[in-house]
Amino acid sequence: MTITPEQATWFSETFAALADNVERAVLGKRHVVELVLTAMLSEGHVLLEDVPGTGKTSLARAVAQSVQGTTTRIQFTPDLLPGDITGITVYDQKTGAFDFHEGPVFANIVLADEINRASPKTQAALLEVMEEGHVTIDGVTRPVGRPFLVLATQNPVEQAGTYRLPEAQLDRFLLRTSLGYPDHAATVRILDRGATPIGELVPIITPGALAGMAELADEVYVDALVLDYIARIVDATRSADEVRLGVSIRGALALTRSSRATAAAHGRTYVTPDDVKKLAVAVLAHRLILHPEAEFDGITAEAVIGQVLLDVPPPTRRERV
C-alpha cells in the first residue's frame with residue numbers, strides 16, 4: 001500500500017503547522033525543529049550535542065505541547081540508577097502486593113539531559129525502551145506508548161566526569177544534531193520576549209493522530225534506484241580510508257525511514273535522492289568510528305559523509321511518481 005497524493009498533502013500541511021507552532025517558542029531553529037519532528041514521525045530518537053543554555057528543554061516541551069503529549073526530564077548524574085529511569089516495584093504492606101511505580105520514560109517526549117554523565121549501566125537502561133518501545137521489570141513487559149521520542153543531550157565541550165556513549169547506544173539514535181546559538185535577529189526577539197511561552201502554544205494534533213502520520217510516512221514509495229543509492233552510500237562509509245567502523249544496517253534503515261518522512265513532509269508520495277542527501281549527515285555521521293590518526297588530523301565524521309556524498313553519484317532516472 002502506498003500513500004495517496006491527498007494523504008501526502010495533508011501530511012505536509014500538518015507537518016508545517018507543527019513546525020510553525022514549535023518555532024513560535026524556539027525561535028530561529030526551523031531546520032532543527034524539522035529534524036526532530038522527522039525523527040518522531042520515523043519513530044526514532046535524537047541526540048542533541050550542544051552547549052548549555054541553547055533551548056534544548058524548551059524544544060522538548062514545545063514539541064510535546066504541540067502534539068498534546070506528556071514530557072519528562074531526566075537529569076543524568078553519576079549516581080543515577082537504572083530504576084530511576086524505568087521505574088521500580090514497591091511492596092505495599094496494606095495490600096500485600098507489589099505495585100509498579102512508573103519511571104520518567106513513561107512519557108511521549110523524554111529529555112535525557114547530559115546523558116553522558118551517567119554510568120554505562122544506567123545509560124544501558126535506555127537501550128531496550130529506545131529500540132523496543134517498552135521496558136521489562138521483574139519479568140513484566142510494559143509499553144511506554146506512542147508517540148515516544150527520546151531527546152538526549154550531551155555537552156561536547158565539558159568532558160570532566162563524563163562517560164563516552166558506547167557505539168551500540170549511539171547507533172540507537174536515529175539522528176544527531178545541534179541547536180546552536182540563535183542568530184542576531186532571533187536573539188533580539190528572544191530578549192524582547194518575542195518567543196511564545198510554552199504553555200500558550202495551541203496543540204496541533206493528538207498523539208493518536210501523530211502515530212497515524214508515522215504509519216503514513218512508512219507507506220511512502222522508495223524506488224529501487226534510491227535504495228541502491230542508500231546502499232552505495234553506506235558501503236562507501238565502510239571503505240573510506242579515515243573510517244575504522246562504517247555505518248551499520250540499522251543506520252541504512254534509519255536513513256530510509258527518515259527519507260520517507262521527509263518526502264511526505266514535502267507533500268510527495270515518493271522519495272528522491274535529494275531527500276537522502278539532505279538527511280545523510282544527521283543520520284549517519286554519529287555512527288562512524290574514525291581512525292585515531294584521522295581524528296588527530298582534524299578530520300570529522302561529518303566531513304567524511306560529505307565527501308562520500310560527493311563521491312557516490314545519485315541515480316539519474318526519475319523515481320516513480
Side-chain angles (χ1 to χ4, degrees), residues 26 29 31-40 42 44-64 71-82 84-86 103-105 107 109-131 148-182 244-245 247-248 250-251 254 258 279 281-290 292 295 298-305:
V26 186
K29 296 298 175 183
H31 176 62
V32 179
V33 169
E34 290 182 349
L35 280 178
V36 170
L37 292 176
T38 298
M40 176 178 279
S42 305
H45 308 286
V46 178
L47 178 62
L48 288 175
E49 251 189 15
D50 223 329
V51 296
T54 51
K56 299 182 290 291
T57 303
S58 296
L59 174 61
R61 292 178 57 206
V63 172
T71 179
T72 57
R73 177 179 179 273
I74 309 171
Q75 179 61 55
F76 279 68
T77 56
D79 60 347
L80 193 72
L81 299 175
D84 297 329
I85 297 174
T86 59
V105 293
I109 315 289
V110 178
L111 179 64
D113 212 3
E114 295 186 296
I115 187 174
N116 56 334
R117 290 202 177 276
S119 67
K121 181 177 181 180
T122 301
Q123 291 176 15
L126 279 176
L127 290 180
E128 180 190 16
V129 67
M130 288 174 63
E131 186 75 10
F148 177 65
L149 171 70
V150 173
L151 266 174
T153 72
Q154 64 176 358
N155 187 338
V157 178
E158 176 57 58
Q159 296 299 322
T162 63
Y163 300 84
R164 184 170 179 173
L165 293 182
E167 286 72 22
Q169 187 162 342
L170 280 173
D171 209 27
R172 295 303 201 278
F173 289 100
L174 183 87
L175 58 86
R176 179 181 66 182
T177 187
S178 173
L179 269 171
Y181 294 119
R244 181 161 58 93
L245 184 64
V247 175
S248 66
R250 182 187 283 120
S258 55
L279 292 165
V281 171
V283 175
L284 302 182
H286 65 285
R287 305 173 193 272
L288 298 183
I289 300 177
L290 304 183
E295 292 181 333
I299 297 174
T300 64
E302 289 77 8
V304 172
I305 296 298

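Predicted model only: the values in this text are computed from it and were never measured.
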Item checked: Salt-bridge present (K56, E114; N to O < 4.0 Å) -> no

Notebook entry, point to check: Short question: side chain of K29, backbone of Y181 - any donor-acceptor pair under 3.5 Å?
Noted result: yes

Next item on the list: Quick one: pull up CG in L174 and OG in S42 and give me the separation to the nearest 0.5 Å.
Entry: 5.5 Å

Check: Under the 3.5 angstrom rule, does the side chain of T71 hit a backbone N or O of A64 as a donor-acceptor pair?
Finding: no

Check: With a 4.5 Å heavy-atom cut-off, do I109 and M40 have their side chains touching?
Finding: yes

Checklist line | Any residue meeting side-chain contact (heavy atoms from CB on, under 4.5 Å) with T86, in chain and number order, not counting sequence neighbours | finding: A125, V135, I137

Check: Under 4.5 Å between any side-chain heavy atoms of L126 and I115, yes or no?
Finding: yes

Margin query: My understanding is that only residues two or more places apart in sequence, or in another chain, count here; which of them pass side-chain contact (heavy atoms from CB on, under 4.5 Å) with S248?
Written below: D171, R250

Note to self: H45: which residues meet the ring pair (Phe, Tyr, Trp, His ring centres under 6.0 Å) condition with it, sequence neighbours left out?
What the structure shows: F148

Next item on the list: Verify, without hydrogens or angle tests, whether H286 (side chain) and L47 (backbone) share a donor-acceptor contact under 3.5 angstrom.
Entry: no

Checklist line | S178 (side chain) donor-acceptor with E49 (main chain) under 3.5 angstrom | finding: yes

Note to self: Could you check whether any side-chain heavy atom of I74 comes within less than 4.5 Å of a side-chain heavy atom of L80, counting everything from C-beta outward?
What the structure shows: yes

Notebook entry, point to check: Do the side chains of L149 and V36 get nearer than 4.5 Å, heavy atoms only?
Noted result: yes

Note to self: How close do L179 and T54 get, counting heavy atoms only, and between which atoms?
What the structure shows: CD1-O, 3.5 Å

Next item on the list: Using side-chain contact (heavy atoms from CB on, under 4.5 Å) as the criterion, list what pairs up with R73, not counting sequence neighbours.
Entry: T57, Q75, L111, D113

Next item on the list: Please name the pair of heavy atoms, one in G251 and one in V283, separated by the smallest distance, quoted to 0.1 Å.
Entry: O-CG1, 4.1 Å

Item checked: Inter-residue atom distance I305.CD1 - L284.CG, 0.5 Å rounding -> 5.0 Å

Check: How long is the span from the OG1 atom in T122 to the CG atom in D84, to the nearest 0.5 Å?
Finding: 7.5 Å

Check: Does R61 have any salt bridge (charged side-chain N to carboxylate O under 4.0 Å, His left out) partners at least two apart in sequence or in another chain, and if so, which?
Finding: none

Margin query: F76: which residues meet the ring pair (Phe, Tyr, Trp, His ring centres under 6.0 Å) condition with it, sequence neighbours left out?
Written below: none

Check: Sequence neighbours excluded, which residues qualify as side-chain contact (heavy atoms from CB on, under 4.5 Å) partners of T177?
Finding: V32, L35, V46, L48, L175

Notebook entry, point to check: Is a side-chain donor or acceptor of Q123 paired with a backbone partner of A118 at a separation under 3.5 angstrom?
Noted result: yes

Item checked: All side-chain hydrogen bond (donor to acceptor under 3.5 Å, both in side chains) counterparts of T300, not counting sequence neighbours -> none

Next item on the list: Using a 4.5 Å cut-off on heavy atoms from C-beta on, say whether the side chain of E302 contacts that of R176.
Entry: yes

